[in-house]
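Report on the structure given below.
Residue numbers count from 1 along this sequence. Quantities reported herein were computed from a predicted structural model and do not represent experimental measurements.
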Amino acid sequence: NGQYWQQELDYQIEVTLDDINHQLNGYLLLDYKNNSLDTLNFIYFHLWPNAFKNTETAFAKQKRAQGSLEFHYVLPSEIGYIDQMDFQVDGKEAFLIFDEEHPDIGKVLLNEPLLPGAEIRIESPFQVKIPNSVSRLGHVGQSYQITQWYPKPAVYDHKGWHPMPYLNQGEFYSEFGSFDVKISLPKNYVVGATGDLQDQSELDFLDEIAKKTTKIDSFGTELSFPESSKEFKTLHYKQNKVHDFAWFADKRFHVLKETFTLPSNGEEKTAWAMFTNQEAELWKKGAEYVKSAILFYSENLGAYPYKQATAVQSALSAGAGMEYPNITVIGISDTDYFLENVIVHEVGHNWFY
């Protein structure tokens with residue numbers, strides 16, 4: 001009948017970073033609304049960290065096909081995976097079946113059919129072993145790039161299910177919804193993430209670092225990690241109408257911040273830049289680049305609908321930059337021109353993923 005629909009997913013996730021074992025311990029609570037015209041008996045899930053589980057995954061095969069043996073000779077300590085899942089649907093145990101060919105695709109069997117217009121609550125604990133950085137999800141020492149990290153339903157649209165495996169070349173097709181995420185980690189980490197930070201104390205902490213950063217004349221070349229604080233903090237983020245949630249954590253990050261208003265609607269926005277000493281001189285204008293990008297696209301494409309945009313300089317083994325809602329990760333740039341170019345490009349993906 002030509003009716004258009006999208007499924008709606010509302011996530012609550014709590015996660016703790018273990019920076020000794022490079023691991024995430026998480027809990028997913030997901031309200032899944034079936035806006036389709038079909039009755040569903042199962043839901044496909046992306047279990048993206050399993051792309052890094054062994055050298056026979058679709059990701060590993062693609063890396064080899066592209067002429068890279070970087071992951072082919074991966075050490076057991078460098079692989080990544082997601083496990084310890086135990087799904088419940090509306091409080092009753094539900095079975096998870098792994099795809100025979102792709103360990104990063106699973107299927108949760110529903111105990112009762114999910115009718116058109118109906119909603120269910122899916123929940124599960126999960127644990128992620130964070131791989132060494134070879135693509136998007138990863139870590140380099142205690143610098144963390146936490147992307148494609150939680151159990152995530154595949155898209156169900158008018159063509160059916162889209163349970164594709166994770167690839168290095170190729171990006172996401174995802175359902176939209178809301179995210180309410182709590183991240184616990186040692187106190188001295190600086191975090192950039194999708195969504196709006198809810199904690200005034202952490203906003204104050206970032207403002208302090210930003211003040212210090214603006215006063216630094218020469219950044220130096222020190223890149224070693226300070227010891228992790230014994231105390232933990234829990235950061236709370238919320239965002240609506242996005243299709244993913246990513247976060248980046250590093251104890252070495254400098255911070256720059258620009259607040260500004262959009263001329264078209266007077267809404268206040270914040271641009272953040274977070275970066276290490278590695279290319280700090282180039283990043284002095286990082287927040288300005290984010291701000292000018294938001295202003296440009298807002299004027300030419302439609303107002304930026306979110307409150308903040310962040311660019312982080314971190315390890316990235318897939319291209320020059322990679323966008324997630326509200327946040328983009330940028331690799332090594334070498335020149336001012338290239339850095340500005342990549343930031344403006346990646347921020348633009350908030351309009352077109």
Would you say the side-chain atoms of Q313 pair up with the backbone N or O of T276, donor to acceptor, closer than 3.5 Å? yes
N/O donor to acceptor pairs below 3.5 angstrom from side-chain atoms of residues 280-291, sequence neighbours left out:
| residue | atom | partner | partner atom | Å |
| --- | --- | --- | --- | --- |
| E281 | OE1 | K284 | NZ | 3.0 |

E202 and K233 ion-paired at < 4.0 Å: yes
Using the salt bridge (Lys or Arg N to Asp or Glu O under 4.0 Å) rule, collect all pairs that involve residues 327-344, keeping only residues at least two apart or in two chains. none
Without placing hydrogens or testing angles, list every side-chain donor-acceptor pair under 3.5 Å for residues 341-353, not counting sequence neighbours.
| residue | atom | partner | partner atom | Å |
| --- | --- | --- | --- | --- |
| H345 | NE2 | H349 | NE2 | 3.1 |
| E346 | OE1 | E323 | N | 3.4 |
| H349 | ND1 | F352 | O | 2.8 |
| N350 | OD1 | N326 | N | 3.0 |
| N350 | ND2 | V347 | O | 3.1 |
| W351 | NE1 | G302 | O | 2.9 |

State whether a side-chain donor-acceptor pair under 3.5 Å links Q169 with Q62. no
Indicate yes or no for a side-chain donor-acceptor contact from D157 to the backbone of K159 under 3.5 Å, with no hydrogens or angles considered. yes
Would you please classify the geometry between the Y144 ring and the H22 ring as parallel, tilted or perpendicular, with 30° and 60° separating the classes? tilted
If you compare all heavy atoms of T194 against all heavy atoms of F245, which two are closest, and at what distance to 0.1 Å? O-CE1, 3.1 Å
Cluster check Y32, V242: I/L/V/M/F/W/Y, side chain < 4.5 angstrom: yes
Could you note down all residue pairs passing ring-ring contact (aromatic ring centres under 6.0 Å, His included) where residues 76-122 supplies at least one of them, sequence neighbours left out? F45-F87
Taking the side chain as every heavy atom from C-beta outward, state whether N168 and K63 have any atom pair closer than 4.5 Å. yes
Can you name the side chain to side chain contact (heavy atoms under 4.5 Å, CB included) partners of E227, sequence neighbours left out? K230
Tell me, which pairs form a salt bridge (Lys or Arg N to Asp or Glu O under 4.0 Å) where one or both residues lie in residues 162-189, sequence neighbours left out? R136-E171, K187-E231
Taking every heavy atom of L316 against every heavy atom of G331, the minimum-distance pair comes out as CD2-N, 4.2 Å
List the residues meeting side chain to side chain contact (heavy atoms under 4.5 Å, CB included) with S218, not counting sequence neighbours, and say none if there are none. none
Side chains of S178 and Q239 only: does a donor on one sit below 3.5 Å from an acceptor on the other? no
Quick one about Y156 and N35 (side-chain donor to acceptor, distance below 3.5 Å, no hydrogens or angles considered), yes or no? no
Side-chain atoms of residues 247-263: list all donor-acceptor pairs with protein atoms under 3.5 Å, sequence neighbours left out, distances to 0.1 Å.
| residue | atom | partner | partner atom | Å |
| --- | --- | --- | --- | --- |
| D250 | OD1 | R252 | N | 2.9 |
| D250 | OD1 | R252 | NE | 2.9 |
| D250 | OD2 | S143 | OG | 2.9 |
| D250 | OD2 | R252 | NH2 | 3.0 |
| K251 | NZ | Q142 | OE1 | 2.4 |
| K251 | NZ | P226 | O | 2.8 |
| K251 | NZ | S228 | OG | 2.7 |
| R252 | NH1 | L223 | O | 2.7 |
| H254 | NE2 | N277 | OD1 | 2.6 |
| K257 | NZ | D207 | OD1 | 2.8 |

With the 4.5 Å side-chain cut-off for hydrophobic clustering, are W48 and Y173 part of the same group? no
State yes or no: are the ring centers of F59 and F71 separated by less than 6.0 Å? yes
Enumerate, atom names and distances included, each donor-acceptor pair closer than 3.5 Å involving a side-chain atom of residues 103-124, sequence neighbours excluded.
| residue | atom | partner | partner atom | Å |
| --- | --- | --- | --- | --- |
| D104 | OD2 | Y166 | N | 2.8 |
| N111 | ND2 | E93 | O | 3.1 |
| R121 | NE | D31 | OD1 | 2.9 |
| R121 | NH2 | D31 | OD2 | 3.1 |
| E123 | OE1 | Y27 | OH | 2.8 |
| S124 | OG | D86 | N | 2.8 |

Quick one: list whatever passes side-chain hydrogen bond (donor to acceptor under 3.5 Å, both in side chains) with E208, sequence neighbours left out. none
Mind checking side-chain hydrogen bond (donor to acceptor under 3.5 Å, both in side chains) for S224 and listing every partner two or more places apart, or none if nothing turns up? E222
Verify the cluster assignment for V181 and L203: are they in a single hydrophobic cluster under the rule of side-chain heavy atoms below 4.5 Å apart? yes
Salt bridge (Lys or Arg N to Asp or Glu O under 4.0 Å) involving K53 - partner list, sequence neighbours excluded: none
